[in-house]
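Have a look at the structure below, then the notes.
Note that this is a predicted model, so its numbers are computed, not measured.
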Amino acid sequence: MAAALSVDKTLTQARQAVKKQDWLAAQSLCQRVLDKFPKNKRAQQTFADLRSKATPSLLEAAQEAERSQDWHAARANLEAAAALAPDIPQIQYALGACLVELSDFNAALGIADSLIARNSNDIESLNLKGRALHEIGDAEASKAVSEQVLKQAPDNAIAQRNLGLVARSQGDKTKAAQHFQESLRSRPKDGAIHVNMAAVHTYKPNDPHITQMRQAIASIGKDNPDSAPIHFGMFEALHSLKEHDEAFAFLAHGNKLSAQKHPYNLRADLELAGFAKATFPNPITRPDTQAAPPFVFITGLPRSGTTLAERILSRAPDTQACGEQVFVREAVIERLMDIQTRKQQIWTQKDFEILRAQLLENYASISDGSTIQIDKMPLNYAWMGFIATALPEARIIHMNRDLRAVAWSLYRNTFRKGMHDFIYDFDSIAKYMVLHRELMTHWRSICADYLFDLNYADLVTDQANATRALAKGAGIDWHDDLMSPEKAKTHVRTSSAGQVTQPIYSGSDAAWKTYETQLAPLMKSLKQVELI
């Protein structure tokens with residue numbers, strides 16, 4: 001009887017949500033009943049009615065969210081639409097593409113595989129799979145899928161782009177440039193392709209690609225935020241030709257346009273940092289264990305040397321370089337959203353048990369069978385207390401680097417949108433660095449048993465001693481191969497691809513001095529908050 005009353009109440013709430021055209025709530029409530037009672041005829045009928053009424057509105061809401069690049073909202077609407085209309089492949093594909101934007105590549109891969117199972121030759125689904133495979137680090141599989149596409153459609157721009165990304169990640173700049181140029185033939189205004197092309201192409205005066213980029217900017221509009229990526233490409237091209245004044249002008253304008261499209265929400269980051277500090281007021285003690293840690297997290301500010309550290313450690317036997325996973329952030333935020341629905345909004349032991357189970361499941365889903373998995377997501381520094389509590393067997397490395405070099409590298413590079421929105425103006429970079437400094441001060445007192453700090457400068461000036469210290473801090477036994485990270489087979493998908501496939505070298509910390517005059521306001525901002 002209680003179950004019937006619960007069903008009645010839930011379906012009543014679903015009908016009320018329909019009247020309000022709250023389609024997300026209506027779908028969720030109806031799904032809740034069907035999950036428990038899949039043969040309930042009233043729930044089945046309500047669900048069928050929702051399909052015709054709600055699906056178009058959910059898709060419209062998803063498209064609106066995508067236009068504003070609110071990928072979380074787009075995902076929620078697309079997931080609801082996909083649940084209502086699982087037989088419409090276009091909805092599944094849109095959801096997969098959205099998941100790529102959210103860095104949930106394994107889920108995107110699952111959707112791609114399900115679509116390919118329906119139609120093994122569907123080019124859009126194969127391209128989605130190729131991109132997802134690249135992002136999870138399976139270079140050869142990604143290449144095979146993209147080559148399969150090109151057998152059907154030799155001029156397919158997305159497959160050519162995917163092959164270019166794989167070649168770039170493997171350090172083959174010549175092949176990468178060839179693929180990107182082929183891709184640009186049919187997508188001449190695609191900013192992402194131009195940026196990647198600029199990172200691998202060797203430029204000469206009056207280079208045709210520079211002409212292409214100038215034409216693309218003129219066509220899109222110099223002040224249109226959609227042209228921002230091509231401004232970054234122009235910077236790289238002109239910088240390589242030592243045309244520094246014009247190069248920086250393009251870079252500054254590209255950052256200005258990006259800031260307009262992706263304004264930085266400092267308050268949100270401050271709230272998350274405050275929440276993290278409040279959740280962990282006392283030191284977390286590591287359990288006594290001598291076993292190799294199954295997880296090593298390499299953290300720090302972006303562009304602080306996390307990729308180099310990962311490649312070094314991945315040279316040890318029985319280790320897996322997992323790249324930059326969003327597992328920790330997404331799992332903590334999911335728990336936090338659940339906690340906020342309660343009367344007492346505090347983390348409990350049960351919450352940490354759920355967090356642990358979810359993280360173990362997520363990392364198991366990408367495991368290649370190695371004993372140690374290495375996650376180099378830099379921004380995991382924000383979640384150190386959660387990592388130490390949920391995964392007490394883990395080790396955490398924190399990379400430190402000359403903040404002038406970090407700030408310059410952030411300002412000159414492009415990143416996945418929504419991940420680093422603080423990088424587009426000097427003042428925001430300085431404020432974020434202050435937030436990082438204060439949160440790390442807290443974690444060093446709370447997570448001292450788990451945390452090892454390493455300076456990037458030590459790795460490039462005293463490689464042997466710094467590498468031994470890194471291995472010890474990570475709980476990984478010494479192996480001579482750690483001294484040759486350039487030989488690592490890891491699949492580099494970040495802006496570091498061009499650097500870390502070479503032997504360790506010094507000098508990059510001083511690269512900002514080329515633009516010392518233009519960067520004077522940035523250095524002033526860093527000095528004002530005592531970062532330098």
Side-chain angles (χ1 to χ4, degrees), residues 157-158 160-222 224 226-258 303 307 405 408-415 423-424 486 492-503 505-519:
I158 302 303
Q160 291 285 3
R161 182 201 64 189
N162 287 345
L163 286 169
L165 291 172
V166 170
R168 181 190 174 191
S169 71
Q170 296 178 326
D172 191 338
K173 292 185 176 182
T174 301
K175 185 175 291 186
Q178 291 171 353
H179 285 301
F180 291 138
Q181 188 61 66
E182 285 298 318
S183 186
L184 285 170
R185 292 185 191 279
S186 55
R187 298 174 71 97
K189 294 190 288 186
D190 191 317
I193 301 174
H194 281 294
V195 168
N196 280 292
M197 177 69 171
V200 297
H201 186 51
T202 300
Y203 288 93
K204 300 176 181 179
N206 302 313
D207 196 277
H209 184 233
I210 293 177
T211 302
Q212 278 183 295
M213 287 193 287
R214 291 188 190 277
Q215 291 172 342
I217 290 173
S219 178
I220 297 170
K222 175 178 176 291
N224 185 332
D226 290 341
S227 72
I230 310 177
H231 283 77
F232 283 91
M234 283 294 295
F235 164 76
E236 291 296 339
L238 295 170
H239 171 74
S240 71
L241 294 172
K242 301 187 184 306
E243 297 178 20
H244 295 134
D245 288 340
E246 187 180 11
F248 194 87
F250 274 103
L251 179 64
H253 198 63
N255 274 293
K256 179 182 177 181
L257 295 175
S258 297
R303 306 298 295 162
T307 300
W408 166 235
S409 191
L410 290 171
Y411 189 71
R412 68 173 287 182
N413 280 291
T414 57
F415 297 85
I423 66 174
Y424 302 120
E486 72 279 4
V492 183
R493 302 175 299 284
T494 66
S495 301
S496 305
Q499 293 88 8
V500 296
T501 50
Q502 307 170 31
Y505 64 97
S506 60
S508 61
D509 277 357
W512 65 273
K513 292 183 178 179
T514 300
Y515 296 94
E516 190 167 5
T517 300
Q518 294 93 331
L519 293 175

Between the NZ atom in Lys173 and the CD atom in Gln178, the distance rounded to the nearest 0.5 Å is 14.5 Å
For Asn255 and Tyr411, indicate whether the former's side chain and the latter's backbone hold a donor-acceptor pair under 3.5 Å. yes
Under 3.5 Å donor-acceptor, Ser227 side chain and Gly221 backbone: yes
Measure the shortest side-chain to side-chain distance between Phe180 and Leu165 over non-hydrogen atoms and say whether it is less than 4.5 angstrom. yes
Write down the atom of Ala247, the atom of Tyr515, and the distance for their closest heavy-atom approach. CB-OH, 3.9 Å
Sub-4.5 Å side-chain heavy-atom contact between His231 and Met234: no
Heavy-atom closest pair (Asp190 atom, Ala192 atom, distance to 0.1 Å) is OD1-N, 3.1 Å
Determine whether a donor-acceptor pair (N or O, by modelled atom type, separation under 3.5 Å) exists between the side chain of His194 and the backbone of Pro188. yes
Who pairs with Gln215 by side-chain hydrogen bond (donor to acceptor under 3.5 Å, both in side chains), at least two apart in sequence or on another chain? none
Roughly how far, to the nearest 0.5 Å, is the CG atom of Leu238 from the CG atom of Leu251? 11.0 Å
side-chain contact (heavy atoms from CB on, under 4.5 Å) against Gln160, all qualifying residues, sequence neighbours excluded: Leu150, His179, Glu182, Ser183
Of the non-hydrogen atoms in Asn224 and Leu257, which two are nearest, and what is the gap between them? O-CD1, 3.7 Å
Evaluate the side-chain proximity of Thr514 to Lys242: yes if any heavy-atom separation is below 4.5 Å, no if none is. no
Heavy-atom pair of closest approach, residues Asn413 and Ile423: O-CD1, 3.8 Å
Approximate separation, where rounding is to 0.5 Å, of Leu241 CG and Asp207 CG: 7.5 Å
Min side-chain heavy-atom separation Phe250-Glu236 under 4.5 Å: no
Would you check if Arg412 and Arg303 make a side-chain contact, meaning some heavy-atom pair closer than 4.5 Å? no
Test side-chain hydrogen bond (donor to acceptor under 3.5 Å, both in side chains) applied to His253 - qualifying residues, sequence neighbours left out: Asp223
Minimum heavy-atom separation for Gly233 and Val195, please, with both atom names. N-CG2, 4.2 Å
Just verifying a value: how many Å separate Gln212 CD and Ile193 CD1, rounded to the nearest 0.5 Å? 10.5 Å
Heavy-atom closest contact (Arg168 atom, Ala176 atom, distance): N-CB, 3.7 Å
What's the spacing between Arg161 CZ and Arg187 CZ if we round to 0.5 Å? 7.0 Å
